[in-house]
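Counting starts at 1 for both ligands and their atoms, following the listed order. For clarity, every value in this text was computed on a predicted model and none was experimentally measured.
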Amino acid sequence: MSEKKKVIIACGGTGGHLFPGIAVAEELERQGHEVLLLISEKKVDAQASSKYGDLRFKTVPAIAKPATLSPKMIPFLFRLWSTVKQCRAILKEEQADVVLGMGGFTSLPPVMAGKKMGLATYVHDSNAVPGKANRLTARWCRKVLLGFDVTKKYFPNSDTEVTGTPVRKELEQLPSQADARAKYGLAQDAKTVMVMGGSQGAKHLNTLVVEAAKAMPGVQFLHITGAADHDRVMELTKDLKGYHVLLFCDDMASAYAAADMAVCRSGASSMTELAYVALPSVLVPYPYAADDHQTVNAEVFESAGAAVLRQESEMDAGSLVADIIRITEEPAVCEEMKNRADQLAVKDAASRICKVITTS
Ligand SMILES: CC(=O)N[C@H]1[C@@H](OP(=O)(O)OP(=O)(O)OC[C@H]2O[C@@H](n3ccc(=O)[nH]c3=O)[C@H](O)[C@@H]2O)O[C@H](CO)[C@@H](O)[C@@H]1O
């Protein structure tokens with residue numbers, strides 16, 4: 001093992017930043033390093049991290065950058081300054097050697113603080129088009145680590161390395177399909193679609209899925225709605241047989257294992273996991289994501305043949321039914337998409353990241 005390091009991982013704000021951070025932390029601890037994860041005070045971070053009691057977490061204020069000429073810029077700069085100060089105190093107390101930001105504005109103050117203290121600083125971006133926070137944070141980093149090769153071009157002045165995006169340890173070994181289906185009360189012999197809308201919700205997509213389900217009584221659904229739309233989807237589906245609704249899933253390994261295919265937003269972590277577990281998918285980008293990055297993410301999978309990309313505005317229940325039937329009923333299509341998804345997986349992403357941040 002390389003010399004033991006004390007690593008701070010800033011990864012709050014959304015599941016797409018938090019879970020890859022947890023994946024890196026799990027691998028660092030396995031290798032004997034010490035880790036502290038900095039997350040935001042948002043409820044979503046508290047909920048998502050509660051299962052990982054073996055890891056150490058601390059909260060720092062979440063800051064969001066307003067438009068450059070906005071009057072909100074002055075309070076933002078003050079908040080940034082005070083959060084950087086708070087982070088410096090944490091880094092000092094922890095005697096940190098390394099700071100890794102996983103993206104989003106929660107990453108910015110810890111990385112800035114680390115840079116000021118002369119520590120080794122890194123940032124990871126899992127998207128095909130990087131976020132604003134990471135473009136800013138990259139200038140204080142030794143190296144920018146990337147999920148996708150196509151993202152390199154956005155960091156012409158940085159040292160970049162494509163490491164892939166890591167997934168949590170619990171996804172390394174999925175339960176059997178039979179156990180996973182039993183867990184959710186799903187029939188063993190029916191085709192099963194897992195639906196996941198991403199942290200911003202997917203009201204229109206949720207409605208389309210429910211309408212499509214009504215037209216396919218032989219297909220069953222495991223639908224993760226998120227908090228905002230849960231009660232509405234429950235009400236819409238209360239009379240549907242084989243329709244299981246979850247507000248939040250704290251066992252994604254079972255959710256993936258139960259499914260023959262997925263209908264998902266194209267957030268980077270969701271897609272990374274689809275590749276990791278080799279699940280065919282219909283990817284429906286969140287239409288308001290910054291720089292339409294979810295479309296660009298999904299294009300990577302579609303051009304590799306691992307997924308079907310559909311824009312929400314161009315879909316209806318009938319087209320979704322056709323996509324689901326094609327993937328679930330044509331074994332050759334399903335098999336080919338599985339293989340293509342599997343080829344996109346970077347199975348050792350966590351250890352690649354650990355190697356860079358503990359040795360360079
Ligand atoms: C609207 C928006 O801008 N979303 C962005 C946000 O995504 P967001 O956080 O929504 O989503 P991602 O798809 O990247 O990740 C979701 C993660 O949450 C997990 N999960 C989800 C639901 C659940 O019930 N249980 C659970 O564990 C998934 O397994 C996955 O690990 O950050 C990602 C990473 O920068 C971006 O790619 C997304 O575009």
- Task: Could you list which atoms of ligand 1 come closer than 4.0 Å to a heavy atom of M196?
- Result: 21 (C), 22 (C)
- Note on the structure: The answer for which part of F19 has a heavy atom under 4.0 Å from ligand 1 is side chain
- Query: Would you call K214-D239 a salt bridge at under 4.0 Å N-O?
  - Reply: no
- N or O pair under 3.5 Å between Y286 and ligand 1: no
- Distance (rounded to the nearest 0.5 Å) between E170 CD and M252 CE: 9.5 Å
- Query: T137 pairs by side chain to side chain contact (heavy atoms under 4.5 Å, CB included) with which of V144, L108, D125?
  - Reply: L108
- Note on the structure: Near S270 (heavy-atom distance under 4.0 Å), the atoms of ligand 1 are 12 (P), 13 (O), 14 (O), 15 (O), 16 (C)
- Taken in chain and number order and not counting sequence neighbours, the residues that satisfy side chain to side chain donor-acceptor pair (under 3.5 Å) with Q343 are none
- Query: At a non-hydrogen distance cut-off of under 4.0 Å, which region of S126 contacts ligand 1 (side chain, backbone, both, or neither)?
  - Reply: side chain
- Message: Nearest 0.5 angstrom please: L222 CG to H244 NE2, how far?
- Response: 6.0 Å
- Per atom 3 (O) of ligand 1, closest listed option by heavy atom (M102, H293, H17, E170): H293
- Message: Check this for me - ligand 1, C249, N or O atoms closer than 3.5 angstrom, yes or no?
- Response: yes
- Side-chain donor or acceptor of D291 paired with backbone N/O of H293 under 3.5 Å: no
- Run the contact test for G103 against ligand 1 with a 4.0 Å cut-off on heavy atoms, strictly below, and give the result. no
- Query: Among all residues two or more places apart in sequence or in another chain, which pass the side chain to side chain donor-acceptor pair (under 3.5 Å) test with K191?
  - Reply: none
- Backbone, side chain, both or neither: what part of E273 comes under 4.0 angstrom of ligand 1, heavy atoms only? side chain
- Task: Report yes or no: does K153 contribute a side-chain atom to a donor-acceptor pair with the main-chain N or O of V150 at less than 3.5 Å?
- Result: yes
- When rounded to the nearest 0.5 angstrom, what is the spacing between CD in Q86 and CZ in R79? 9.5 Å
- For atom 6 (C) of ligand 1, which candidate among L246, T14, V129, N134 holds the nearest heavy atom? T14
- Query: Does A268, backbone or side chain, put an N or O under 3.5 Å from an N or O of ligand 1?
  - Reply: yes
- Task: Report yes if I224 has an N/O atom closer than 3.5 Å to an N/O atom of ligand 1; otherwise report no.
- Result: no
- Item | Options H124, M252, M271, ranked by nearest heavy atom to atom 27 (O) of ligand 1, top entry | M252
